[in-house]
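Here is the structure we will look at, set down as structure tokens.
Naming: A, B, ... by sequence-line order, numbering from 1 per chain. As a basis for the values below, the full set of heavy atoms in this structure was taken, side chains included, without hydrogen atoms, waters or symmetry mates.
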There are 2 protein chains.
Amino acid sequence: MRKTILIFSALIIALLILFQLSKYSYASGDTSNEIFIAIIAIAFFIIGIYLNKKSLHKKQLFKNEIDHQKIKDLGISTREYEVLMKISEGLSNKEIADVLFISESTIKTHVSNILVKLDAKRRTQAIQKAKALQIISF
Amino acid sequence: MRKTILIFSALIIALLILFQLSKYSYASGDTSNEIFIAIIAIAFFIIGIYLNKKSLHKKQLFKNEIDHQKIKDLGISTREYEVLMKISEGLSNKEIADVLFISESTIKTHVSNILVKLDAKRRTQAIQKAKALQIISF
DNA sequence: AGTATTTTGGTACTTTAGTATGAGATAGCC
DNA sequence: GGCTATCTCATACTAAAGTACCAAAATACT
């Protein structure tokens, strides 16, 4: 936001300077006028592309960001969220138990709780729902 | 963000108009030139934004587009691919059987073949791998 | 028309996933 | 200390998922 204001301010200043220059060149002779117009056109074209790319890039980042608030709202705990991510990576309960150094029984408990909180019947559906809710990234 | 850009654009236009008015008051000379330049600048600015948006949109589509060639390379048949998509939507074998109007046995056969072709041990891993290979979109 | 591939379906079996229930351990909060 | 939430683990069970092997159709290919 602050950056955008700065960029536009600089743009206005540049415009004013160019205006002054055009006045000088117009007084001396009007052969450089077409070149001047071309430069303005190209400059603004590039500025337009640059600004648009920046704004779209930011938008894109926002889209793929995970919604931590929603995780809290759903009552998903830290440990449950860890398990949820492992599920989305395609790991089995046993494998998740191994990487988290806890028993498979505990994983099953976590998975069951996750399924209830996400209103899913299967782990594959949990993956789908978690993605739709922007709780996990992909 | 977009609002800010619009506001500043309007500001620039207002500035240019003021410029013209001030020039009129000084001496009624040739003033249509500056207006012309301003219009060119704004026009190219808008064109720049428009073109950039188009190209980025296409890029985005390409990124999320499914790689049909890779599906063929992996030897995944049409029916198997249909099943794969249903799996990624979180459906069970029985549910997939119902929506495709075939028996659950057939679905199991398809799923087994998919797992072999994707080198996955579970359907969740198949989802993960299919995503990584850009075979399915999300 | 005849071969190749795909699609379909079955049985029998093993493995994994998920449910229900209970309960001990830990940590933060008032 | 007592309360609450989280994390942990277990048993016993049911339900799904997945494997292996087979085989009849429907399609595709040339």
Side-chain angles (χ1 to χ4, degrees), chain A residues 66-133 135-136, chain B residues 66-133 135-136:
Chain A
I66 48 175
D67 194 339
H68 296 282
Q69 188 54 47
K70 205 164 281 174
I71 297 172
K72 279 184 187 172
D73 293 346
L74 290 167
I76 295 173
S77 70
T78 312
R79 204 55 159 168
E80 285 166 358
Y81 184 67
E82 286 184 275
V83 173
L84 177 59
M85 286 194 296
K86 296 298 176 190
I87 289 174
S88 77
E89 289 168 16
L91 301 189
S92 68
N93 289 339
K94 184 76 190 66
E95 286 170 342
I96 297 171
D98 288 344
V99 297
L100 294 183
F101 301 107
I102 50 180
S103 81
E104 196 187 339
S105 299
T106 309
I107 301 298
K108 284 190 178 186
T109 307
H110 287 321
V111 172
S112 272
N113 291 333
I114 291 166
L115 293 181
V116 170
K117 288 169 184 176
L118 284 177
D119 189 31
K121 286 175 185 170
R122 283 161 294 281
R123 47 171 58 210
T124 49
Q125 200 180 353
I127 295 172
Q128 177 67 20
K129 288 212 172 190
K131 276 176 199 166
L133 292 167
I135 278 177
I136 55 174
Chain B
I66 46 175
D67 194 338
H68 295 283
Q69 188 55 46
K70 206 164 279 173
I71 297 172
K72 278 184 188 172
D73 293 348
L74 290 166
I76 294 172
S77 71
T78 310
R79 205 56 160 169
E80 284 166 357
Y81 183 67
E82 285 184 276
V83 173
L84 177 58
M85 286 194 296
K86 296 298 177 191
I87 288 173
S88 78
E89 289 169 16
L91 300 189
S92 68
N93 289 338
K94 184 77 189 68
E95 287 171 343
I96 297 171
D98 288 343
V99 297
L100 294 183
F101 300 107
I102 50 181
S103 81
E104 196 187 340
S105 299
T106 309
I107 301 297
K108 285 191 176 186
T109 307
H110 287 320
V111 172
S112 272
N113 290 332
I114 291 167
L115 293 181
V116 170
K117 287 169 183 176
L118 284 177
D119 189 31
K121 286 174 184 169
R122 284 162 292 283
R123 49 171 56 208
T124 49
Q125 200 179 355
I127 294 171
Q128 176 67 20
K129 288 213 172 192
K131 261 188 292 170
L133 292 167
I135 278 176
I136 54 175

Pairing pattern in dot-bracket form [Watson-Crick, G-U; both distances under 3.5 Å; | = partner strand] for DNA chain D: ||||||||||||||||||||||||.|||||

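Taking CG of A/L91 as the reference point, atom OG1 of B/T124 lies at 7.5 Å (rounded to 0.5 Å). Of the inter-residue distances, the one linking B/L84 atom CG with B/E89 atom CD reads 10.0 Å to the nearest 0.5 angstrom. One finds the CD1 atom of A/I96 at 10.5 Å from the NE2 atom of A/H110 (value rounded to the nearest 0.5 Å). Residue A/L74 holds its CG atom at 6.0 Å from CG of A/L133, rounded to the nearest 0.5 Å.
Taking atom CD1 of B/I127 as the reference point, atom P of D/dA17 lies 11 Å away to the nearest angstrom. Rounding to whole angstrom units, CZ of residue A/F101 and C1' of D/dC7 are separated by 17 Å. In this structure, B/K117 atom NZ and C/dT5 atom P are separated by 11 Å, rounded to whole Å. Atom-to-atom, CD1 of B/I114 to P of D/dT19 comes out at 11 Å; the value is rounded to the nearest Å. Distance B/I107 CD1 to D/dA17 P: 11 Å, rounded to the nearest Å. Rounding to whole angstrom units, NZ of residue B/K72 and C1' of C/dT5 are separated by 15 Å. The separation between A/I96 atom CD1 and D/dC7 atom C1' is 16 Å, rounded to whole Å. If you take CG of B/L118 and C1' of D/dG18, they are 15 Å apart, rounded to a whole angstrom.
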Could you tabulate the donor-acceptor pairs under 3.5 Å formed by side-chain atoms of residues 114-122 of chain A, not counting sequence neighbours?
from	atom 1	to	atom 2	distance (Å)
A/K117	NZ	A/G75	O	2.7
A/K117	NZ	A/E80	OE1	2.7
A/K117	NZ	A/E80	OE2	3.1
A/R122	NE	B/G90	O	3.1
A/R122	NH2	B/G90	O	3.4
A/R122	NH2	B/E95	OE1	2.8
A/R122	NH2	B/E95	OE2	3.2

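Side-chain nitrogen and oxygen atoms of A/H110 include at least one within less than 4.0 Å of the OP1 or OP2 phosphate oxygen of D/dT8. Within the structure, a side-chain polar atom (N or O) of A/S77 is placed less than 4.0 Å from OP1 or OP2 of D/dC7. The side chain of A/S103 contributes an N or O atom lying less than 4.0 Å from OP1 or OP2 of D/dA10.
A donor-acceptor pair under 3.5 Å is absent between the side-chain atoms of B/S112 and the main chain of B/T109, judged by distance alone.
For the residue pair B/I76 and B/Y81, the shortest heavy atom distance occurs at CG2-N, 3.8 Å. For A/I127 against A/I136, the heavy-atom pair with the smallest separation is O-CD1, 4.0 Å.
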Contact state string [nucleotides 11-30 of chain C, B base, S sugar-phosphate only, - no protein heavy atom under 4.0 Å]: B-----BBB-----------

Step-by-step side-chain contact (heavy atoms from CB on, under 4.5 Å) determination, B/T106 to B/R79: CA-CA 10 Å; B/T106 309; B/R79 205 56 160 169; over 6 Å; no

